[in-house]
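Quick notes on the structure that follows.
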Protein chains: 2
Amino acid sequence: MAGQGVKEARPEVSANSRMTVAAHALTWIGLYQRRGHEVATSEQIATSVNTNPVVIRRLLADLRKAGLAESRRGAGAGWMLSRDLAAITLLDVHDAIAAGPIFALHRSPPDPECVVGHGIGPAMTAVYDQIERTLRGELARTTLEDILRDVLKAV
Amino acid sequence: MAGQGVKEARPEVSANSRMTVAAHALTWIGLYQRRGHEVATSEQIATSVNTNPVVIRRLLADLRKAGLAESRRGAGAGWMLSRDLAAITLLDVHDAIAAGPIFALHRSPPDPECVVGHGIGPAMTAVYDQIERTLRGELARTTLEDILRDVLKAV
DNA sequence: CGTTGTTGTAACGTTTATGGTTACGACAAG
DNA sequence: CTTGTCGTAACCATAAACGTTACAACAACG
């Protein structure tokens with residue numbers, strides 16, 4: 001090869017941890033409430049997640065919009081679940097955090113004069129749509145109750 | 001609400017178009033070869049995709065590493081497929097472009113002293129692994145021949 | 001009615017993936 | 001030797017998500 005560059009290996013990390021953190025936070029609140037507490041603070045959750053409380057508040061704000069969590073203000077404030085862990089699926093969480101599609105079409109539209117450029121969009125969309133449907137089906141199969149059971153089993 | 005901010009609406013674009021462009025490029029080469037041409041240039045492909053030739057060359061370099069495409073240098077150089085469109089699945093393309101996982105765990109490890117922080121990683125990994133398996137199964141079901149058929153049908 | 005603890009949210013800065021562009025060396029056909 | 005194309009580095013731009021600081025809003029409680 002020509003360059004035999006030192007700087008190869010295009011990274012490949014990315015990927016959203018929002019789903020993980022959201023599931024973590026809700027599960028934490030659920031367990032905390034089952035142990036008799038009224039509300040959980042973003043500070044407590046952030047300690048378990050190992051991040052900043054503001055990150056938790058921002059994420060929980062999205063979950064609240066979706067009707068999965070509620071918050072109370074003032075002194076002694078905090079967060080609680082809107083419904084039981086068993087009634088929240090990972091699909092609910094996924095939709096709540098407005099996770100975008102896995103794949104996307106071209107950034108700028110391909111050449112419409114070209115047969116391939118003209119037809120590739122719909123062709124790929126058909127595949128992507130089917131994959132999204134399957135993904136949603138998989139996510140819908142698992143509830144946060146399942147997750148908590150798994151978590152407690154690992155102790 | 002307090003702020004009722006003007007700057008809400010967390011964006012949600014992202015998503016990889018690499019898969020789309022890779023499928024587009026390979027399909028284009030395949031069709032071009034069926035029409036009697038030996039090789040396709042990155043310039044021609046870039047015109048159809050509506051991007052820069054270097055982007056195409058970079059992408060095809062990845063596909064070549066995976067054994068899906070070959071290139072010829074010198075004058076009259078260009079790209080060709082290593083095997084027929086019918087023998088290339090979207091899973092092959094997916095693996096070739098080294099697409100990362102859909103979901104990720106925490107950026108920095110959660111609190112291991114906390115029950116949830118300790119067990120949430122393995123619990124979510126189990127779910128994510130199952131989803132990846134399903135995704136791969138779906139991608140393996142479609143070949144570039146299927147894509148081309150769809151493309152030509154739309155004319 | 002003030003003190004206090006917590007949410008709500010703006011405003012930045014940082015990191016990372018990807019795409020776009022320019023530049024130029026390597027290479028092979030003719 | 002000329003010419004056309006790949007191979008790749010180098011750099012900039014864009015965008016998403018995270019991390020952090022700051023502070024107003026708010027409600028319980030003395």
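Note on naming: letters A, B, ... go to the chains in the order of the sequence lines (proteins, then strands), and numbering restarts at 1 for each one.
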query = Taking for each residue the nucleotide of DNA chain C with the nearest heavy atom, is it B:Arg72 or A:Arg72 whose nucleotide lies nearer the 5' end?
reply = A:Arg72

task = Side-chain contact test, heavy atoms from C-beta onward, threshold under 4.5 Å: evaluate it for A:Leu68 versus A:Arg64 and give yes or no.
result = no

message = Could you check whether any side-chain N or O of A:Asp92 sits under 3.5 Å from a backbone N or O of A:Thr89, counting only pairs where one atom can act as donor and the other as acceptor?
response = yes

request  = Measure the shortest side-chain to side-chain distance between A:Leu135 and B:Thr134 over non-hydrogen atoms and say whether it is less than 4.5 angstrom.
outcome  = no

key: Side-chain N,O (B:Thr41) to OP1/OP2 (D:dT5) below 4.0 Å   = no

request  = Start with the C-alpha distance between B:Val39 and B:Trp79, add both sets of side-chain angles, then the distance that settles side-chain contact (heavy atoms from CB on, under 4.5 Å), and finish with yes or no.
outcome  = CA-CA 5 Å; B:Val39 297; B:Trp79 297 83; 5.9 Å; no

Give every pair of a protein N or O atom and an N or O atom of nucleotides 20-23 of chain D that lie under 3.5 Å apart, one pair per line with the distance.
from: D:dT20; atom 1: O4; to: A:Arg58; atom 2: NH1; distance (Å): 3.4

request  = Write down the distance between CD (A:Glu70) and P (C:dT7), rounded to a whole number of angstrom.
outcome  = 14 Å

query = Does A:Asn16 place a side-chain N or O at less than 4.0 Å from the phosphate oxygens OP1/OP2 of D:dA17?
reply = yes

key: Set of residues satisfying ring-ring contact (aromatic ring centres under 6.0 Å, His included) with respect to B:Tyr128, sequence neighbours excluded   = B:Phe103

N/O (side chain, B:Ser17) to phosphate O (OP1/OP2, C:dG19) under 4.0 Å = yes

request  = In whole angstrom, give the distance that lies between atom CD of B:Glu43 and atom P of D:dC6.
outcome  = 9 Å

task = Can you check whether any acceptor in the base of D:dA27 is under 3.5 Å from a donor in the side chain of A:Arg73, or vice versa?
result = no

query = In whole angstrom, what separates A:Trp79's CH2 from C:dT7's P?
reply = 7 Å

request  = In whole angstrom, give the distance that lies between atom CD1 of A:Ile56 and atom P of D:dC18.
outcome  = 10 Å

inquiry  = Nearest 0.5 Å, please: how far is CD1 in B:Ile120 from OG in A:Ser48?
reply    = 8.5 Å

remark   = Separation of C:dG5 atom C1' from A:Gln44 atom CD, nearest Å, is 12 Å

key: Phosphate contact (D:dG7 OP1 or OP2) by B:Ser71 side-chain N/O below 4.0 Å   = yes

key: Separation of C:dT18 P from B:Leu59 CG (nearest whole Å)   = 11 Å

note = Judged by nearest nucleotide, the residue sitting upstream toward the 5' end of DNA chain D, A:Asn50 or A:Gly74, is A:Asn50

ask   = Starting at CZ of B:Arg64 and ending at C1' of D:dT8, how long is that distance when rounded to a whole Å?
value = 11 Å

task = Using atom CD1 of A:Ile29 as one end and atom C1' of C:dT6 as the other, report the distance to the nearest whole Å.
result = 14 Å

query = Which part of the nucleic acid, if any, lies within reach of B:Ala75 when heavy atoms closer than 4.0 Å are counted: base, sugar-phosphate only, or nothing?
reply = base

inquiry  = Please give me the minimum heavy-atom distance between B:Val93 and B:Ala22, naming the atom from each residue.
reply    = CG1-CB, 3.6 Å

